[in-house]
Amino acid sequence: MKSFAYVDAANEQEAIAALGTQRGRILPIAGGMDLVGLMKDYVAQPDRVVNVKRLDRTIAATPDGGLRIGAAATLIELVEHAGAARAYPALVQAAAEVGTPQIRHAGTVGGNVAQRPRCWYFRNEEFQCLKKGGPRCFAVDGENQLHAIFGDGPCHIVHASSLAVPILAYGGTFRVAGPSGERDVAAADFFQMPDENLMGENVLRPNELVTHVTLPPPGRVRSATCEIRFKQSHDWPLALATAILTMSGETVRGARIVMGAVAPVPWRAQAAEAALTGQAVTEATAGAAADAAVRDAKPMSGNAYKVQIARTAVKRAILKAAGLPTV
Amino acid sequence: MAPKDGFSVSRRDFFKTAGVGSLATGLLGPVELGAQAGVREVGPGAVPIQLTINGRRHDLTVEPRVTLLDAVRNRLDLTGVKRVCDRGACGACTMLLDGRTVYACSILAIEAQGRDIRTVESLAAAPALHPVEQAFCEHDGLMCGFCTPGLVMATTALLEKTPNPTADEARRALDGNICRCGTYVKVLEAALATKGGRRG
Amino acid sequence: MDHPTPTSRLVSADHCSSLRHKGMYVMAEPDPKESKYFDAYDATAYWCLRTQRAVGPDGLPVHADTCRMGRGCCEP
Amino acid sequence: MASWPAHPALLGTPTRRVDGPVKASGRAKYTYDLQRPGMLYGRILRSPHACARVLSIDLSAAERAPGVKFAMPVIDLANPEPLTHKVMYQGQEVAALAAETEEQGADAARLIKVEYEVLPHVATVEQAMRPEAPKVFPDGNVREANVDETGDVEAALKASAHVVEGLYWTQVVTHSCLETHGLVCEWSGDQLTAWSSTQAVHGMREGLARGLGIPQTSIRVISQYMGGGFGSKLGTDPQDVICAQLAKGAGRAVKLMLDRKEEQLSTGNRPSAYARVRAGVDADGKLTAFDAETWGTGGAGRGAGYPLPYNIYQIPVRRRRHKDVYINAGTQRAMRAPGHPQGAFITEVVLDELADQAGLDPLELRLRNLPAEAPDEMWRRYFPMGAEKIGWSRRHATGDPTPGPIKRGLGCAANRWAGAGSRRTQGQCEIFPDGGVTMRIGTQDIGTGTRTLVKMVTAETFGLPLDQVVVEIGDTQYPFAPGSGGSITVGSVTPTTRVTCEKALAALAEKIAPELGVDPAAIVASNGRVHAVNDPSRGMPWKDACKRLGTAPISVDGQWETGLSSVGTSGVQFADVEVDVETGITRVRKIVCVQDCGLIIDRLTAESQCYGGITMGIGYALFEDRILDRNTGQMVNPNMEFYLLPGPSDIPAIDVTLMDQPERGVVGLGEPPTISTAAAIANAVSNAIGARIRHLPITPANVLAALAEARARERRGASGSPQATEPGGVQGAPPINIGGAR
């Protein structure tokens, strides 16, 4: 790890003042679960690190019945929040599966959403990949078993955040604070594909921070997240999916379905939503929606198996949301 | 069994469980002016910090980049928990921060100021053993022993919160720890058999 | 205290004295009656005590087949 | 001649590990934990390239960096042999330095300027075996072993009622010791003390002496506690000599512990194993022939051989052609039962396929092909026992017919290992006039419980409680004992301890025999007393006996004797698995293990060896894979995040039955329990999903590809005929990555 100076920001204003405009030179640290490893591997080499753990960490209902989550709230605070679990089960289910107890105890909601990719080419210093300003994506003809099955590149990471998936599905909004004030960015606009933003994964500028996430009132929905990972202990998901169903009796009136760990951004499956709308949830209709979700998948040389896994995650998320057995 | 419709959480519930930042530790040590006006920057050289470890205050001088694990092991010679993966993936460095398990390899020492830090050395004064340590010995929940203090800490944290865990709860609580010798079966036995694991 | 020189059925007197393998430090002495427990296959990792690696001081691989007198770096 | 007690007080009991308290409480000081006065931290700069020529090494900036006390090249560019200027794999040592703090050492290492000429490399066995491939070494990438042939294979296969044919393979895995390799070196004049995380203190001394060119009498090696080795810490490594040289150069003690990435890259691995197999059975389910063309890679080194067919089942006709393949990767070294997990996996999977073709229960096929004579008839007893415990009677034919995505399956496999003991093992025992006892032996406890076993045998022999004897191990100042490898430690050190302690007791008996009026040869010790063997009343308390020594302790040396240990272990394992065919994810529900190991000294630590071996076997079966980028030869998962090791929730119920054989004396148990786990799991997965698992690890990709292949075969209507195709070559199977060293 390169040495760096340290600023302990007492509030948003101090934090933003301490951040600079040059990408990578000054970085915020919250739980550190992502950044410390990046620095140890010399992938991040900031000159200054700004502690933002003392910023907003409240989890509270909004006046309109939605939910506001301070970016500095830890994952365990979210998991243990009874109100959040009741109203936004898909969010809390995703949070409960992140990493390990130790990671959930230190890692924050903002840090989870804004973490850098876990691509092993990105994380190993030896590989000067596109995302590090290098000439190529090593995954294209390399070891791409964990890489994206959606998107056209040129970088084939999968987005590392599990929380991003339900946040997008619930229609969440990120409050972004910067030197010129605050702005709200819908989750659908927050995450960026590599062709829009190769060096980052979202719209945050170097001197901006997410201060909190707001979820709109959930309305009369049933929702669930299904994560599929290989190791049952600590492992990254091979795929996950959030399904949010608005029901009319036994019929799905509207659906929001988002997949994770399959693309450089949380990947909304509108074809699956359309396929499910107007149907009663059964193994067959959930399966058909899942088929639709992965119909346009473009697997790489070594990750076709992930298409099947993503399909299963979608199907099971739908069944789980509907309160049906998943296997 | 359809879930309850709508948003039926009372605001009181929310505020009851919402933690508001309680770790407003002021900056310790020399305050330097950063590139921007009003920014209080320390480092990158060594800066004095204070850590409260096992109930004792320690003053030490470390660079901001030094992790809690390295500060405690190399500067304070508390070597009970180990450095193994050094990337928050194995749990050998598990310490308790305000009662919760964390990977000390992935937390900067400077950021642990003002927190209640507990290492495995906090559990019992030699030659006595903590009930969790005792259970690990009785059930042979250790072999080479290198992962063991981390697993002891994870087990201790579990039992302090959940004195009578189910097997599944115990497994989940220990899932952040890796043992290469393969003691898991015995470790889980020990975790479930520990009597009086709760500290007073 | 007598500290015996490692010996092994896998390395003989005409091998280089710097050639090592695990068996030289483990030195199990099989009971001839139990020889069926020892199969004929080569899973042996050799190393050279002059380099501590699997190549000799000449940069070539070390092995019981090759670390014999006549190779430039071999020492009796 | 020494013997084991007929009615032991301690031996065979479940006895708590004597170093459990210091380890569990974190008080045990491992090498990684040591601090010496004025100690510096060593750091090695390694090649980022899989193959390159080092053109220059400029240490000047590093030498000027804060905290640096000494820096040195490791690659010697003055060496006239140009081959030595090449680095053969990512992670090979290039230069080293010592600094005041770890952070300064890491900073300074990055200031070392190395000019490389990057050379073509090979990262997979496929690449290496191409005729036009760049050569790892001048003698080519493929080393052919002699053809091993018994009988006429073609004729025997032709005459077989059923034949299977296929390509089987296993991956490269790393030892992943939790305490990385490393040591602390401190010189006092010409005397070197090295605290080392090693499986062989005496071996480490010998290697350091040769590497440094100094006498063995100038070196002391100490290893009191060490965090795992699994075969990777049996010899000296470059960092051992480097650390001593840094300490000499800096004039200070130096600690040099590798980091996790270095550990994954450069401290050994289990080679891959590939086999193109044809095997047959006759109409009675008797194995007829086994023909195998095999290859594998141990990186930039040889030794990828493995036993095939695995030497348990009787196969009259066999042929084996093996090739070792070099690639530009870290070198293999012994890893927990070298060769056996690979050979067992391939053989046992082939057996299950033959059983399916012959329409036989796989267990029945095994029983029909086991040897009849002792001691190998053990498997005949153990298989039915294991079958009973796993519930084999509820095993369905291949392919769980249950609806739904979760399929259950059962599988089994056997293991064998030699064990044995080293006759060179020596010990020393002192009995002091105050009743104290010290047993010294230059072995080391690598986590297997050696310290506990030596203590138990010492206490048993003197009839004393455990806490009244002192055991000293892990130091070259104690008498020679072999390295802890090959499952020979218990067979070496416990007989030696018994012999030495019996000798010391005999000396004590000589002292008190006249007073008791008993033949000294008829004096024994038990329950804290020394007394006539047939009349406990004719004796005295231990302490009183020792008082008769006056001022001089008894001090005796002992040496290993035959008769207290045996060679050979047998075992079987059964696996019960659950496979989700919609995700390809396998969960192991239960493993049953029936294992013999002769006379059990400590039942608790013996059982732990089984739990540990099985746990490591689960990692081998499902998760672990050293993945090299096929284009650069650099490892993409040199960590513990993507090098997947099983964690608590990946571990099933494990049912261990140890078969007591006290009449055989002790037999080592370190390796055998890990051999058959992956094979049993693979067979259970195939049984669950109705498709053949032919390679490890059994990842979701592997399982889904096997299912796709089975479906494609069904479509072709080719059921029952020999499988001529290879995995991945079948239309319809998704292209899959099988990981690194191919």
Side-chain angles (χ1 to χ4, degrees), chain B residues 63 65-66 70 73-74 77-92 119-121 123-124 126-130 132-134 136-149 152 168 170-188, chain D residues 14 16-17 19-30 32-35 41 101-103 175-180 225-230 257 259-260 445-449 604-605 607-609 611-619 639-641 645-651 653-654 674:
Chain B
E63 295 174 63
R65 63 171 158 169
V66 173
D70 291 350
R73 280 179 52 84
N74 293 344
D77 201 25
L78 292 169
T79 58
V81 296
K82 311 300 185 199
R83 186 162 84 187
V84 170
C85 76
D86 206 24
R87 294 294 185 282
C90 78
T119 70
V120 70
E121 286 86 356
L123 296 186
L129 290 181
H130 184 273
V132 171
E133 296 167 348
Q134 185 70 32
F136 271 63
C137 293
E138 282 168 13
H139 292 267
D140 208 34
L142 78 165
M143 292 180 73
C144 85
F146 213 67
C147 71
T148 310
V152 163
D168 198 49
R171 238 179 302 221
R172 294 268 299 163
L174 303 181
D175 264 343
N177 293 65
I178 294 287
C179 166
R180 185 49 156 167
C181 295
T183 59
Y184 298 122
V185 171
K186 302 290 192 91
V187 165
L188 286 164
Chain D
R16 276 177 234 164
R17 213 172 274 269
D19 45 12
V22 287
K23 287 179 173 177
S25 61
R27 291 167 204 145
K29 287 285 184 188
Y30 294 72
Y32 215 135
D33 302 330
L34 292 176
Q35 303 264 8
Y41 292 86
T101 68
E102 282 191 298
E103 293 81 13
H175 299 73
S176 294
C177 312
L178 290 201
E179 184 182 35
T180 55
Y225 303 100
M226 65 89 79
F230 313 109
M257 301 302 295
D259 68 21
R260 181 55 45 190
D445 191 340
I446 65 167
T448 49
L604 211 47
T605 57
E607 282 171 4
S608 283
Q609 284 296 325
Y611 288 109
I614 289 163
T615 301
M616 194 176 262
I618 290 168
N639 48 46
M640 290 175 69
E641 180 181 359
L645 293 160
S649 284
D650 305 305
I651 300 307
I654 299 176
T674 206

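Numbers restart at 1 for each chain; the letters A, B, ... are given by sequence-line order, proteins then strands. Hydrogens, waters and symmetry mates play no part in the numbers below; they use all other heavy atoms, side chains included.
Per-residue counts of heavy-atom pairs under 4.5 Å with chain D were compared for B:Cys179, B:Gly176, B:Ala170, B:Pro149; the largest is that of B:Pro149. The residue among B:Ala126, B:Cys90, B:Gly91 with the most heavy atom pairs within less than 4.5 Å of chain D is B:Ala126. Contact count against chain D (heavy-atom pairs under 4.5 Å) is highest for B:Cys144 among B:Gly182, B:Cys144, B:Gly141. Between chain B and the options D:Gly619, D:Gly647, D:Gly227, heavy-atom pairs under 4.5 Å are most frequent for D:Gly647. Among B:Asp140, B:Thr148, B:Val81, the residue making the largest number of heavy-atom pairs under 4.5 Å with chain D is B:Asp140. Ranking B:Gly145, B:Ala92, B:Gly80, B:Ala124 against chain D, the residue ahead of the rest is B:Gly145, based on heavy-atom pairs under 4.5 Å. Among B:Asn74, B:Asp86, B:Val66, the residue with the largest count of heavy-atom pairs under 4.5 Å with chain D is B:Asn74. Comparing D:Ala24, D:Cys177, D:Gly229, D:Gly26 by heavy-atom pairs within less than 4.5 Å of chain B, the highest count is held by D:Ala24.
Taken from CG in D:Asp259 to SG in B:Cys85, the straight-line distance is 11.0 Å, to the nearest 0.5 Å. Separating the CG atom in B:Leu174 from the CD1 atom in D:Ile651 is a distance of 12.5 Å, to the nearest 0.5 Å. Between the NZ atom of D:Lys29 and the OG1 atom of B:Thr79 there is a distance of 2.5 Å, given to the nearest 0.5 Å. Summarising the geometry, atom CZ belonging to D:Arg16 is positioned 12.0 Å from atom CG belonging to B:Leu142; distances are rounded to the nearest 0.5 Å. For the atom pair OG of D:Ser176 and CD1 of B:Ile178, the computed distance is 9.5 Å after rounding to the nearest 0.5 Å. Atom-to-atom distance recorded for D:Arg17:CZ and B:Glu138:CD is 14.5 Å, nearest 0.5 angstrom.
Side chain of B:Lys186 to main chain of D:Ser608: no donor-acceptor pair is present (N/O by atom type, distance under 3.5 Å, no hydrogens or angles). Looking only at distances, no side-chain donor or acceptor of B:Arg180 sits under 3.5 Å from a matching main-chain atom of D:Gly228. At least one donor-acceptor pair under 3.5 Å links the side chain of B:Tyr184 to the backbone N or O of D:Pro646.
In this structure, the side chains of B:Asp70 and D:Glu103 come closer than 4.5 Å at one or more pairs of heavy atoms. Taking the side chain as every heavy atom from C-beta outward, B:Phe146 and D:Lys23 never approach each other to under 4.5 Å.
The heavy-atom pair separating B:Cys181 from D:Phe230 by the smallest distance is SG-CZ, 4.0 Å. When all heavy atoms are compared, the tightest approach of B:Lys82 to D:Ala28 is NZ-O, 3.8 Å. Here the closest heavy-atom approach between residue D:Pro21 and residue B:Cys137 is recorded as N-SG, 3.4 Å.
Contacts between D:Gln609 and chain B at a heavy-atom distance below 4.5 Å involve backbone atoms as well as side-chain atoms. The part of D:Tyr41 that comes within reach of chain B is its side chain, from C-beta onward, which places non-hydrogen atoms under 4.5 angstrom from that chain. Heavy atoms closer than 4.5 Å to chain D are found in the backbone of B:Ala128, but not in its side chain. Residue D:Gln35 touches chain B through its side chain alone, counting heavy-atom pairs closer than 4.5 Å. Interface residue D:Ile446: only backbone heavy atoms are found under 4.5 Å from chain B. Heavy atoms closer than 4.5 Å to chain D are found nowhere in B:Arg87, neither backbone nor side chain.
Salt-bridge annotation for B:Arg83 and D:Asp33: absent, with no side-chain N of the basic residue lying under 4.0 Å from a carboxylate O of the acidic one.
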